[in-house]
Amino acid sequence: MRGIGKVSLIGAGPGDPDLLTVKALKRIQDAEVVVYDRLVSQEIMDLVPPKTALYSVGKKPKSHPIPQEEINQLLVDLAKEGKRVVRLKGGDPFIFGRGSEEAAELVTAGVEYEVIPGITAAQGCASSLNLPLTHRGLATGLRYVTGHCQRDVPLDLDWASLADPNTTLVIYMGLAAIAEISTKLVEHGMPADMPAVAISKGTTSEEQKVFGTLTTIGELAKAAKLPAPTLFMIGDVVGLKETLELPELTGSEGNWGEKRPHLEVING
């Protein structure tokens with residue numbers, strides 16, 4: 001009889017398969033079972049061996065067909081069958097990924113697990129735009145904030161703290177609430193003309209981005225009909241776009257690959 005298996009909680013990153021860690025790829029290709037979320041890109045799922053069993057447990061806004069408690073139990077049950085289980089999540093499993101809830105359940109059930117970090121959306125999207133998250137003289141701090149609360153509870157954030165103009169603010173899952181978030185930040189002292197950008201499906205071939213300001217970014221994202229997942233970056237670092245933007249490179253001048261198609265709207 002097989003003993004209890006092991007669960008690998010893996011961050012798949014923001015979508016580009018080249019951004020997977022080597023360790024993550026090894027575990028994916030050695031897995032007997034992969035339990036994956038909706039935001040794991042198809043390009044990454046294509047790396048899973050054909051004979052590996054797949055369980056889709058993805059959630060959508062206002063649609064959770066498989067409750068988190070059932071996902072937790074599925075991981076426990078599969079591990080107790082002696083399987084090598086990969087729990088594959090977009091971004092990083094411990095940054096707005098509920099990976100710690102799954103880890104706690106595995107500990108309670110006596111199942112061994114490991115955490116393999118992934119590049120979180122903030123890092124991936126910022127790098128895709130050639131923007132820093134911190135910059136000397138512009139941003140001395142960085143905050144990751146969720147724009148969506150459990151069971152649609154109204155946002156109750158520390159707005160005064162978040163409105164610090166010396167901090168880069170990154171809003172996850174904020175597409176529906178960005179107008180409210182912008183209003184609250186301005187009310188608590190953040191400049192209305194603070195540079196901002198919305199990035200949809202960052203690092204993938206479907207990446208779209210819209211630049212604006214704190215008070216315009218919500219309407220611009222809505223007008224562009226940006227699909228989820230969309231991440232918002234707010235702060236003076238976004239204003240470095242013109243400084244850090246590279247010219248088009250072709251031929252032997254340094255083109256490392258085809259440029260990804262994208263929609264770009266610039267409106268201050």
Student: Are Tyr172 and Leu131 linked, directly or through intermediate hydrophobic residues, by side-chain heavy-atom contacts shorter than 4.5 Å (ILVMFWY only)?
Tutor: yes
Student: Should the heavy atoms of other residues, nucleotides or ligands under 6.0 Å from NZ of Lys6 be counted, would the total exceed 12?
Tutor: yes
Student: Of all the heavy-atom pairs spanning Leu88 and Ala12, show the shortest one and how long it is.
Tutor: CD1-CB, 3.9 Å
Student: Counting C-beta onward and ignoring hydrogens, is there a side-chain heavy-atom pair between Leu169 and Tyr144 closer than 4.5 Å?
Tutor: no
Student: Is any side-chain heavy atom of Ile4 closer than 4.5 Å to a side-chain heavy atom of Val111?
Tutor: yes
Student: Looking only at heavy atoms, what is the nearest atom pair of Ile217 and Ser182, with distance?
Tutor: CG2-OG, 4.3 Å
Student: List the atom of Val237, the atom of Ala139, and the distance in Å for their closest heavy-atom pair.
Tutor: CG1-CB, 3.8 Å
Student: Looking only at heavy atoms, which two atoms of Phe232 and Ala198 are closest? And how far apart?
Tutor: CE2-CB, 3.5 Å
Student: Would Leu78 and Glu81 satisfy side chain to side chain contact (heavy atoms under 4.5 Å, CB included), going step by step from the backbone distance to the final call?
Tutor: CA-CA 5 Å; Leu78 290 170; Glu81 292 175 8; 4.1 Å; yes
Student: I need the Asp77 CG to Asn72 CG distance, nearest 0.5 Å.
Tutor: 11.0 Å
Student: Hey, mind stepping through Leu185 and Trp159 against side chain to side chain contact (heavy atoms under 4.5 Å, CB included) and telling me if it holds?
Tutor: CA-CA 6 Å; Leu185 291 173; Trp159 299 109; 4.0 Å; yes
Student: Between Leu25 and Val85, is there a shared hydrophobic cluster once you connect ILVMFWY residues whose side-chain heavy atoms come closer than 4.5 Å?
Tutor: no
Student: Do Leu39 and Lys89 touch side chain to side chain, with heavy atoms closer than 4.5 Å?
Tutor: no
Student: Exactly one of Arg84, Lys51, Lys23 should register a salt bridge (charged side-chain N to carboxylate O under 4.0 Å, His left out) with Asp30. Which one does?
Tutor: Arg84
Student: Is it true that Val170 and Phe211 fall in one hydrophobic cluster, defined by side-chain heavy atoms closer than 4.5 Å?
Tutor: yes
Student: When rounded to the nearest 0.5 angstrom, what is the spacing between CG in Asp158 and NZ in Lys184?
Tutor: 12.5 Å
Student: I want to check something: taking the side chain as every heavy atom from C-beta on, are Pro132 and Leu240 in contact at a cut-off of under 4.5 Å?
Tutor: yes
Student: Taking atom OG of Ser100 and atom CD of Glu105, what is their separation to the nearest 0.5 Å?
Tutor: 12.0 Å
Student: Heavy-atom count around Tyr55 OH within 6.0 Å, excluding the residue itself: above 12?
Tutor: no
Student: Do the side chains of Ile44 and Asp46 get nearer than 4.5 Å, heavy atoms only?
Tutor: no
Student: Find out if a path of hydrophobic residues (ILVMFWY) with successive side-chain heavy-atom gaps under 4.5 Å connects Val40 to Leu74.
Tutor: no
Student: Between atom OG1 of Thr134 and atom CG of Asn166, what is the distance when rounded to the nearest 0.5 Å?
Tutor: 12.5 Å
Student: Okay, side chain of Thr213, backbone of Asp193: is any donor-acceptor separation there less than 3.5 Å?
Tutor: no
Student: Would Leu133 and Met233 count as a side chain to side chain contact (heavy atoms under 4.5 Å, CB included) if you check the C-alpha gap in whole Å, the side-chain angles of each, and the deciding distance to 0.1 Å?
Tutor: CA-CA 9 Å; Leu133 290 168; Met233 282 179 57; 3.8 Å; yes
Student: To the nearest 0.5 Å, what is the distance between CD (Glu114) and CG (Leu106)?
Tutor: 11.5 Å
Student: Would you sort out whether Ile199 and Leu129 count as a side chain to side chain contact (heavy atoms under 4.5 Å, CB included), showing the intermediate values?
Tutor: CA-CA 9 Å; Ile199 314 102; Leu129 300 182; 3.5 Å; yes
Student: Please report, to 0.1 Å, the donor-acceptor pairs under 3.5 Å made by any side chain of residues 221-231, with sequence neighbours excluded.
Tutor:
{"from": "Thr230", "atom 1": "OG1", "to": "Pro227", "atom 2": "O", "distance (Å)": "2.8"}

Student: Strictly distance-based, threshold 3.5 Å: is any side-chain N or O of Thr120 a donor or acceptor partner for the main-chain N or O of Gln123?
Tutor: no
Student: Show, in sequence, the C-alpha distance, side-chain angles and deciding distance for Arg143 and Asp164, and conclude whether the salt bridge (charged side-chain N to carboxylate O under 4.0 Å, His left out) test is met.
Tutor: CA-CA 10 Å; Arg143 298 280 294 273; Asp164 178 7; over 6 Å; no
Student: Between the side chains of Glu32 and Thr52, is a donor N or O closer than 3.5 angstrom to an acceptor N or O?
Tutor: no
Student: So, for Val115 and Pro93, which heavy atoms are closest and what is the spacing to 0.1 Å?
Tutor: CG1-CG, 4.0 Å
Student: Shared ILVMFWY cluster between Val35 and Tyr113, side chains joined below 4.5 angstrom?
Tutor: yes
Student: Can you name the nearest heavy-atom pair linking Thr204 to Lys201, along with the distance?
Tutor: OG1-O, 2.7 Å
Student: Kindly indicate whether the side chain of Thr21, heavy atoms from C-beta on, has any atom under 4.5 Å from the side chain of Ile119.
Tutor: no
Student: How long is the span from the OG atom in Ser128 to the CG atom in Leu19, to the nearest 0.5 Å?
Tutor: 9.0 Å
Student: List in chain and number order the residues that pass side-chain contact (heavy atoms from CB on, under 4.5 Å) with Leu54, two or more places apart in sequence or in another chain; answer none if no residue qualifies.
Tutor: Val34, Tyr36, Met45, Val48
Student: Given Val145, which partner from the list Ile171, Leu155, Ile181 fulfils the side chain to side chain contact (heavy atoms under 4.5 Å, CB included) test?
Tutor: Ile171
Student: Quick one, Val86 and Val33 - any side-chain contact, counting heavy atoms below 4.5 Å?
Tutor: no
Student: Just so I know, are the side chains of Asp236 and Pro195 near enough to count as touching, which here means a heavy-atom distance under 4.5 Å?
Tutor: yes
Student: Under the side-chain contact (heavy atoms from CB on, under 4.5 Å) rule, collect the residues that match up with Asp18, sequence neighbours excluded.
Tutor: Asp16
